[in-house]
A.B. asks: 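Below you'll find the structure I mean.
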Amino acid sequence: MLLSPMGFSLTNKRLILSMLSLIIQLIILSFSTLTTSQSTSCRISCGNIQIKYPFGIDDGCGSAYYRHILVCSDSQKLELRTPSGTYPVRNLSYDDPHIVVTDPFMWACEDGENFRPTRPFSLDTSTRFKLSQQNEYMFFNCSEDNVIIQPKPMFCEHYPERCDSSCDSASYLCRHLPSCSFSLTSSSCCSYYPKATESLRLMLKYCTSYASVYWRNVGAPQPYDQVPEYGIRVDFDIPVTTRCLQCQDLLKGSGTCGFDTETQRFMCLCKDGNSTTHCKDHDIERHNRRVHVIAGTVTGISAAGAIGIGAGIWYLKKVRTKAPVTCGVQSNENRLF
């Protein structure tokens, strides 16, 4: 067997070099996996509804203010999470920022006068959501002992200080139920806009059921610029920050605005990694640091690479402990690499 001056065979040297080559390949593969995961984790649609800032359906995408608010089901149906439940999203607009959801518990035309048990819709007040003033609510079979049911113009004229607390029994919606070819003959109906979730909850405590109608803008000349449709319109704010605008700037790398899932601080998500500013920033965070952002992103080097590194270090130590002393002299014949 041919031995080198250090006391081990050339075969062992080749084995060490092969192990190190394998480790390097594993590290490169790990970084490649990280980059691919990073650049493809933020989905941009759910079904036929576009998802973009400030929302995200993958954790770490969009604004932290709306974290875990929207959910994309396995059947590609977008849903809104609120304290009162999860509601299907019918429409999502970014130009006129609002979401329209449907409440499967509220009254529908096909129910007629067969009212079902219902529950009040509510929003998380810690988010930047609010009920739109374009909503109008119809309540059915309310107790007149507990709810002021009066034609609103007449009542407001006589009791202006109590006008906001009345439920309008002569409203246009009660007289012209949207999309319904019939009228409720034996059930009372009144229209009321609750200014708070608690008001809606109290109304449903004394009324059999409710239906929400929002006035959709159609762009026609007034007074025909809005049409009533069933649903609940929820308005939202779009947090605009300088860092997000820089991140999205085409000249600065065209990144995606996101956030760190542990600290919830802003992150610009780029193809090559994450940055605290924009994608062409020279200080972009490389994947040799621990990256917390975005669910599903691989963290650290692969297990196989770690095992390989550990095995290589152990083997080198073992060989070096058996190697003869060369008095510190290193030549091309006794060097390892």
A.B. asks: Do Tyr137 and Met203 have side chains that approach each other closer than 4.5 Å (heavy atoms only, starting at C-beta)?
C.D. replies: no

A.B. asks: Can you tell me how the ring of Phe55 sits relative to the ring of Phe236, calling it parallel under 30°, perpendicular over 60° and tilted otherwise?
C.D. replies: perpendicular

A.B. asks: It should be assessed whether the SG atoms of Cys142 and Cys167 lie less than 2.5 angstrom apart.
C.D. replies: no

A.B. asks: Is the backbone N or O of Phe105 less than 3.5 Å from a side-chain atom of Thr118, with the two atoms forming a donor-acceptor pair by type?
C.D. replies: yes

A.B. asks: Evaluate Cys174 against Ser169 for side-chain contact (heavy atoms from CB on, under 4.5 Å), listing each step before the verdict.
C.D. replies: CA-CA 7 Å; Cys174 283; Ser169 60; over 6 Å; no

A.B. asks: Assess whether side-chain contact (heavy atoms from CB on, under 4.5 Å) is satisfied between Arg128 and Tyr66, documenting all intermediate values.
C.D. replies: CA-CA 8 Å; Arg128 299 192 176 187; Tyr66 298 109; 3.0 Å; yes

A.B. asks: State, yes or no, whether a side-chain contact exists between Asp111 and Arg116 at a heavy-atom distance under 4.5 Å.
C.D. replies: yes

A.B. asks: Which atoms form the tightest heavy-atom contact between Arg119 and Leu204, and what is the distance?
C.D. replies: C-CD1, 3.8 Å

A.B. asks: Between Asn274 and Cys270, which heavy-atom pair has the shortest distance, and what is it?
C.D. replies: OD1-N, 4.4 Å

A.B. asks: Classify the angle between the aromatic ring planes of Tyr172 and His176 as parallel (below 30°), tilted (30 to 60°) or perpendicular (above 60°).
C.D. replies: parallel

A.B. asks: I would like to know whether Asn217 and Gln134 meet side-chain contact (heavy atoms from CB on, under 4.5 Å); could you show each step before the answer?
C.D. replies: CA-CA 10 Å; Asn217 298 319; Gln134 292 180 221; 3.9 Å; yes

A.B. asks: Are Tyr193 and Gln133 close enough that some pair of their side-chain heavy atoms sits under 4.5 Å apart?
C.D. replies: yes

A.B. asks: Has Leu245 got more than 12 heavy atoms of other residues, nucleotides or ligands less than 6.0 Å from its CG?
C.D. replies: yes

A.B. asks: Just checking Tyr65: does its OH atom have more than 12 heavy atoms from other residues, nucleotides or ligands closer to it than 6.0 angstrom?
C.D. replies: no

A.B. asks: Nearest 0.5 Å, what's the OG-CD distance between Ser275 and Gln246?
C.D. replies: 9.5 Å

A.B. asks: With a 4.5 Å cut-off on side-chain heavy-atom distances among I, L, V, M, F, W and Y, is there a chain of contacts connecting Leu251 to Leu269?
C.D. replies: no

A.B. asks: Any chain of hydrophobic side-chain contacts (each under 4.5 Å) joining Val89 to Ile69?
C.D. replies: yes

A.B. asks: Any heavy-atom pair between the side chains of Leu70 and Leu80 that's under 4.5 Å?
C.D. replies: yes

A.B. asks: Shorter than 2.5 angstrom, is that how the SG atoms of Cys268 and Cys279 come out?
C.D. replies: no

A.B. asks: Backbone N or O of Pro239 within a donor-acceptor pair of the Tyr53 side chain at under 3.5 Å?
C.D. replies: yes

A.B. asks: As an exercise, state the distance from CG of Leu78 to CD1 of Ile57, rounded to the nearest 0.5 Å.
C.D. replies: 7.0 Å

A.B. asks: Do you know which two heavy atoms are closest between Trp107 and Cys180, and how far apart they sit?
C.D. replies: CH2-SG, 4.0 Å

A.B. asks: Determine, stepwise, if the pair Ser132 / His98 fulfils side-chain contact (heavy atoms from CB on, under 4.5 Å).
C.D. replies: CA-CA 8 Å; Ser132 172; His98 72 272; over 6 Å; no

A.B. asks: Are Glu136 and Ser191 linked by a side-chain donor-acceptor pair shorter than 3.5 Å?
C.D. replies: yes

A.B. asks: Using only atom types and a distance under 3.5 Å, with no angle test, would you say the side chain of Tyr94 pairs donor to acceptor with the backbone of Lys52?
C.D. replies: yes

A.B. asks: Report whether Val71 and Phe129 are members of the same hydrophobic cluster (ILVMFWY, side-chain heavy atoms less than 4.5 Å apart, transitive linking).
C.D. replies: no

A.B. asks: Backbone N or O of Pro178 within a donor-acceptor pair of the Tyr230 side chain at under 3.5 Å?
C.D. replies: yes

A.B. asks: Which residue pairs pass the salt bridge (charged side-chain N to carboxylate O under 4.0 Å, His left out) test with at least one member in residues 65-85, sequence neighbours excluded?
C.D. replies: Asp59-Arg67

A.B. asks: Is Arg233 salt-bridged to Asp235, cutoff N-O under 4.0 Å?
C.D. replies: yes

A.B. asks: Surrounding CD of Glu144 (heavy atoms of other residues, nucleotides or ligands, distance under 6.0 Å), is the total greater than 12?
C.D. replies: no

A.B. asks: As a test of understanding, state which of Leu123, Ile232, Val101 forms a side chain to side chain contact (heavy atoms under 4.5 Å, CB included) with Thr82.
C.D. replies: Leu123

A.B. asks: Check the hydrophobic clustering (I, L, V, M, F, W, Y; side-chain heavy atoms under 4.5 Å; chains of links allowed) and say if Val147 and Phe140 are grouped together.
C.D. replies: yes

A.B. asks: For the hydrophobic clusters of this structure (ILVMFWY residues joined by side-chain heavy atoms under 4.5 Å, transitively), does one cluster hold both Phe139 and Trp215?
C.D. replies: yes

A.B. asks: Please step through side-chain hydrogen bond (donor to acceptor under 3.5 Å, both in side chains) for the pair Thr127 and Asp124, ending with a clear verdict.
C.D. replies: CA-CA 6 Å; Thr127 63; Asp124 185 352; 5.3 Å; no

A.B. asks: Would you check if Asp168 and Tyr192 make a side-chain contact, meaning some heavy-atom pair closer than 4.5 Å?
C.D. replies: no

A.B. asks: Could you give all pairs that pass the side chain to side chain donor-acceptor pair (under 3.5 Å) test and reach residues 203-214, with sequence neighbours left out?
C.D. replies: Asp103-Tyr210, Tyr214-Glu229

A.B. asks: With a 4.5 Å heavy-atom cut-off, do Phe266 and Cys244 have their side chains touching?
C.D. replies: yes

A.B. asks: When you measure from the side chain of Asp260 to the backbone of Thr263, do you find a donor-acceptor pair of N or O atoms at a distance under 3.5 Å?
C.D. replies: yes

A.B. asks: Just so I know, are the side chains of Gln248 and Cys257 near enough to count as touching, which here means a heavy-atom distance under 4.5 Å?
C.D. replies: yes

A.B. asks: Side chains of Ser186 and Glu113: do they bring a donor and an acceptor to under 3.5 Å?
C.D. replies: yes

A.B. asks: Glu157 and Pro160: which non-hydrogen atoms are nearest, and at how many Å?
C.D. replies: O-CD, 4.0 Å

